**Student:** 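Structure below; questions to follow.
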Amino acid sequence: MLKINMKTPLVEIDGDEMTRVLWEIIKEKLLIPFIDLKTEYYDLGLSNRDNTNDEVTVQSAQAIKKYGVGVKCATITANTARQKEYNLKYLLPSPNATIRAILDGTVFRKPISVNRIKPSVITWKSPIVIGRHAYGDVYKAAEMEIEGPGKVELVYTKADGTERRMEIANFKSSGIVQGMHNLDESIKSFARACFLYAINEKIPLWFSTKDTISKIYDGRFKTIFEEIYENEFKEKCAAAGIDYFYTLIDDAVARVVKSKGGFLWACKNYDGDVQSDMIASAAGSLAMMTSVLVSPSGVFEYEAAHGTVQQHYYRWQKGEKTSTNPAALIFAWSGALSKRAELDNLGDLGDFAQRLEKAVLSTIDDGIMTGDLAKLSDPPPAKILDSWDFIDEIASRL
């Protein structure tokens, strides 16, 4: 069979555990038989990141800048248990945080909707998209253990050597302290990306922080969003027939669970991390959530919103076949291929990406699915398949 051609490579970023296993099966069964697949490959498996002192993560981000489109498998962010398990030299930072910092983008996460899976929030009629700021906050924080009594200060030393100091806490005993930061330019890029996404999709934009408590930090986010809206996007939003709405994060949560959906919810970095999992779970499954990092420089990184599926991986290592849902991993590939097709003007590649997504959706809507969706299916599933048979079923429809 004549394969579909590609002009420019995708940056392919491999990952860890069960998602790494499925990554290869997806390529073998769903991509390589149909596409003359061109990728520049980077192994961000935990052991290789440790072996390269995490330089491979930086290289992968720079490659995305070069080629414009990347597709990423799920990766482990190491903790002390992982350090021991993988015999790591040191605790590696989050690879996603490193890549996001280099690309300075915004992450947009959207549930994959299928007819058989009804949201657990019965008022939701349309998907809720999470726009997650992808720089700074707790993901770039400095942390310190405090051994005993003493004063902790926040110190800003200007370029001319003058200082500003603020007492954080006067410790009477041991404890912990953390320092976070963000950049005005990154917040501006975040705001612009959210307004552009909302206008393009013709959906309202909500933004939420906690500026009543964090008057300076969160207050800066609120102010910048308002300025960007008033100076750059107010007329464009009106022309598109969409609204911009700001509220406190706790009020937003209350409103979201009573809403009909169908809007973009812009969140700070940690808020977006948590709320995207809530939206995905309430919409059906963490394995049914797409994620794309959009950089203001015009580059894109597609990935699944979920983790490496650790427990399934341990079962696979024992020789078991698991019913791990590969849908979001497949949609990461289809999203990247679709964007590559758009940038390179390759209609047949774009058509294939759409057919791949339709094959996944039709398989599930015909009642053929993995175990995570089976208990949610209405009506009940016709077949519950392991990952290998599920991917074979999708391949047969292509």
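The first residue of the sequence shown is numbered 1, and numbering continues consecutively from there. Everything quoted here is computed from the prediction, not taken from an experiment.
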**Student:** Between Lys158 and Glu163, is there a side-chain N and carboxylate O pair less than 4.0 Å apart?
**Tutor:** no
**Student:** Are Lys72 and Glu301 ion-paired here, with the side-chain N under 4.0 Å from a carboxylate O?
**Tutor:** no
**Student:** Considering the options Asp14, Asp43, Asp16, which one meets the salt bridge (charged side-chain N to carboxylate O under 4.0 Å, His left out) requirement together with Arg49?
**Tutor:** Asp16
**Student:** Tell me yes or no: between the side chains of Ser285 and Asp372, is some donor less than 3.5 Å from an acceptor?
**Tutor:** yes
**Student:** Are the charged groups of Asp344 and Arg340 less than 4.0 angstrom apart, N to O?
**Tutor:** yes
**Student:** Please test Tyr229 against Tyr246 for ring-ring contact (aromatic ring centres under 6.0 Å, His included), starting from the C-alpha separation and ending with a verdict.
**Tutor:** CA-CA 11 Å; Tyr229 172 65; Tyr246 172 81; over 10 Å; no
**Student:** Any Lys/Arg nitrogen of Lys188 or Glu227 sitting under 4.0 Å from an Asp/Glu carboxylate oxygen of the other?
**Tutor:** no
**Student:** Less than 4.0 angstrom from a charged side-chain N to a carboxylate O is my criterion; do Lys236 and Glu230 meet it?
**Tutor:** no
**Student:** Report yes or no: do Ile76 and Ile13 belong to one cluster of Ile/Leu/Val/Met/Phe/Trp/Tyr joined by side chain heavy-atom distances under 4.5 Å?
**Tutor:** no
**Student:** Under 3.5 Å, is there a donor on one side chain and an acceptor on the other for Thr57 and Asp54?
**Tutor:** yes
**Student:** How about Arg397 and Thr363: does a side-chain donor come under 3.5 Å of a side-chain acceptor?
**Tutor:** yes
**Student:** Which pair of heavy atoms, one from Pro95 and one from Thr77, lies closest together, and at what distance?
**Tutor:** CD-OG1, 3.8 Å
**Student:** If you take all heavy atoms of Leu88 and Ala78, which pair is closest and at what distance?
**Tutor:** CD1-CB, 3.8 Å
**Student:** Can you confirm whether the side chains of Arg109 and Ser291 place a donor and an acceptor under 3.5 Å from each other?
**Tutor:** yes
**Student:** Any side-chain donor paired with an acceptor under 3.5 Å for Gln178 and Glu143?
**Tutor:** yes
**Student:** I'd like to know if the side chain of Trp23 pairs up with that of Glu12 as donor and acceptor (distance under 3.5 Å, no hydrogens or angles considered).
**Tutor:** yes
**Student:** Verify whether one side chain among Glu40 and Tyr42 offers a donor that lies under 3.5 Å from an acceptor in the other.
**Tutor:** yes
**Student:** Working to the nearest 0.5 Å, report the span between CD1 of Ile368 and NZ of Lys383.
**Tutor:** 5.5 Å
**Student:** Any chance the side chains of Gln310 and Tyr314 put a donor and an acceptor closer than 3.5 Å?
**Tutor:** yes
**Student:** Assert yes or no for the condition that the ring centre distance of Tyr244 to Phe195 is strictly below 6.0 Å.
**Tutor:** yes
**Student:** Does a donor on one side chain and an acceptor on the other come within less than 3.5 Å for Asn96 and Ser94?
**Tutor:** no
**Student:** Would you say Val294 and Val107 are hydrophobically clustered, going by side-chain heavy atoms of ILVMFWY under 4.5 Å?
**Tutor:** no
**Student:** Hey, are Ser334 and Glu357 close enough side-chain-wise for a donor-acceptor pair under 3.5 Å?
**Tutor:** yes
**Student:** So, Trp265 and Ser208: side-chain donor and acceptor under 3.5 Å apart, yes or no?
**Tutor:** yes
**Student:** Return the OG1 to CG distance between Thr209 and Asp218, rounded to the nearest 0.5 Å.
**Tutor:** 4.5 Å
**Student:** Looking at Asp211 and Lys215, is there a salt bridge between them, counting it only when a charged N and a carboxylate O are closer than 4.0 Å?
**Tutor:** no
**Student:** Using a strict 4.0 Å threshold on nitrogen-to-oxygen distance, state whether Asp365 and Arg116 make a salt bridge.
**Tutor:** no
**Student:** Should the pair Phe190 and His133 be assigned to parallel (<30°), tilted (30 to 60°) or perpendicular (>60°) ring geometry?
**Tutor:** parallel
